[in-house]
Amino acid sequence: MSDSLPARTPPLGWNSWNAYSCAVTEDDIRDAADALVETDLRDAGYEYLVVDDCWMADETADGVLQADPTDFPSGIETLADYVHDRGLKFGLYSSAGSHTCQGYPASLGREQRHAEQFAAWGVDYLKYDNCGEHHGRDAIDRYAAMGQALENVNREIVYSICEWGTNEPWQWGRNVGGELWRATDDVIAKWQADDDEFGLGILDIIDRMAELDIAGFHGPHGWNDPDMLQVGNGPESGQSQHEPTNIERPLTEAENRTHLAFWCLLGAPLMIGTDLRSLGEAEHEILTNERLLAIDQDPLGIQGTPDRREGVEEVWSKRLADGGAAVALFNRGPERTDIHTHVPNTAAPVDAASYRLRDCWSGSEFETSGEIWAGVEPRDTALFRVTPQ
Ligand code: GAL
């Protein structure tokens, strides 16, 4: 495949939903654009700034989408210019139904007109949700209609399919022009959701990605998407306030580390979802860790898979383009635990006499003939880059 196609590696950016939910305004988007630049997140690779649900006016005139006159008074084109002027790419949201999940006008049956509007406004990325009336049309049909409309316009627009995994979009996402497709229900800012709670916690998504076993569908220009990042979020975030969740505290540092370590091992699209105006130092350090981001963006584009899931201990790994592998040692339990594995039980090649082990959190390096181990704190994940030498 040609490198001129979009999303050669998983897209990185920021999306408004988890931070602001339906209260988002154009001022929030401008602040996020400025913050991406000022906090060096843009330079770390987070280049897409995506406005999620609730940017539209309540009604369309002749099926033409319009920005909400109160919350987005300057209009989308002016906002996209502001984002582009900061060296970022601009993303927008609609739904493959009559309405968005929050009840705003959406794109089913008006795909071409809307794709043309998006292109004229300078949209570089479309997140396309699954809410509203479907008028008897199945998911493949509805998502293919927008895929075709985007292909017809004279602008490269990354197509992010948000179908929640209901109809196995990994089976057909690429075929309808998608560069990424949500594999799971919505992530919430919590370690583990209660049984009757809206959404999935970080641990729930890790479990779901293990069960789904869809790594074979994942690769350059077409990515399984375990949903956006909640690093930095808790009960105060826009989404936590808006959705029927029961969140009592922010994710801890260990939980945030495990969240990012797994999303990078999975080669997931990384969409930051926290309010960047109040981003803490620890969260900033996690999100900009270049050793982790290199694993996420590895050119081979393989999705990490579990090697061993046993009680509180989990070992996951993925092969990397340099001939090595990334190996994650995850402690699900409440006590510090020593977790061991050996190269032949991971995705690393077995034929080297020795290996360089790089601890992706600290940057420290070790040498090993094959044993990989770490003392791992509760809910934390040690992540190593293993390179044959
Ligand atoms: C959900 C989607 C979320 C967010 C929300 C907006 O369907 O999964 O990521 O976009 O709608 O209403």
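Counting convention: from 1, in listed order, for ligands and their atoms alike.
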Is it the case that [X] and [Y] place a side-chain donor and acceptor less than 3.5 Å from each other?
| X | Y | value |
| --- | --- | --- |
| Glu59 | Gln66 | no |
| Thr274 | Asn233 | yes |
| Thr346 | Ser317 | no |
| Gln303 | Asn224 | yes |
| Asn246 | Asp194 | yes |
| Thr184 | Asp227 | no |
| Asn130 | Arg142 | yes |

Interfacing atoms of ligand 1 (cut-off 4.0 Å, heavy-atom, [X]):
| X | value |
| --- | --- |
| Tyr93 | 6 (C), 10 (O), 12 (O) |
| Lys127 | 3 (C), 4 (C), 9 (O), 10 (O) |
| Cys162 | 2 (C), 8 (O) |
| Cys101 | 1 (C), 7 (O), 11 (O), 12 (O) |
| Asp53 | 6 (C), 12 (O) |
| Asp52 | 4 (C), 6 (C), 10 (O) |
| Gln102 | 12 (O) |

N or O pair under 3.5 Å between Asp227 and ligand 1: no
Considering distance alone, does some N or O of Asp186 sit under 3.5 Å from an N or O of ligand 1? yes
Tell me which protein heavy atom sits closest to atom 1 (C) of ligand 1, plus the residue, atom name and distance to 0.1 Å. Asp129 OD2, 3.1 Å
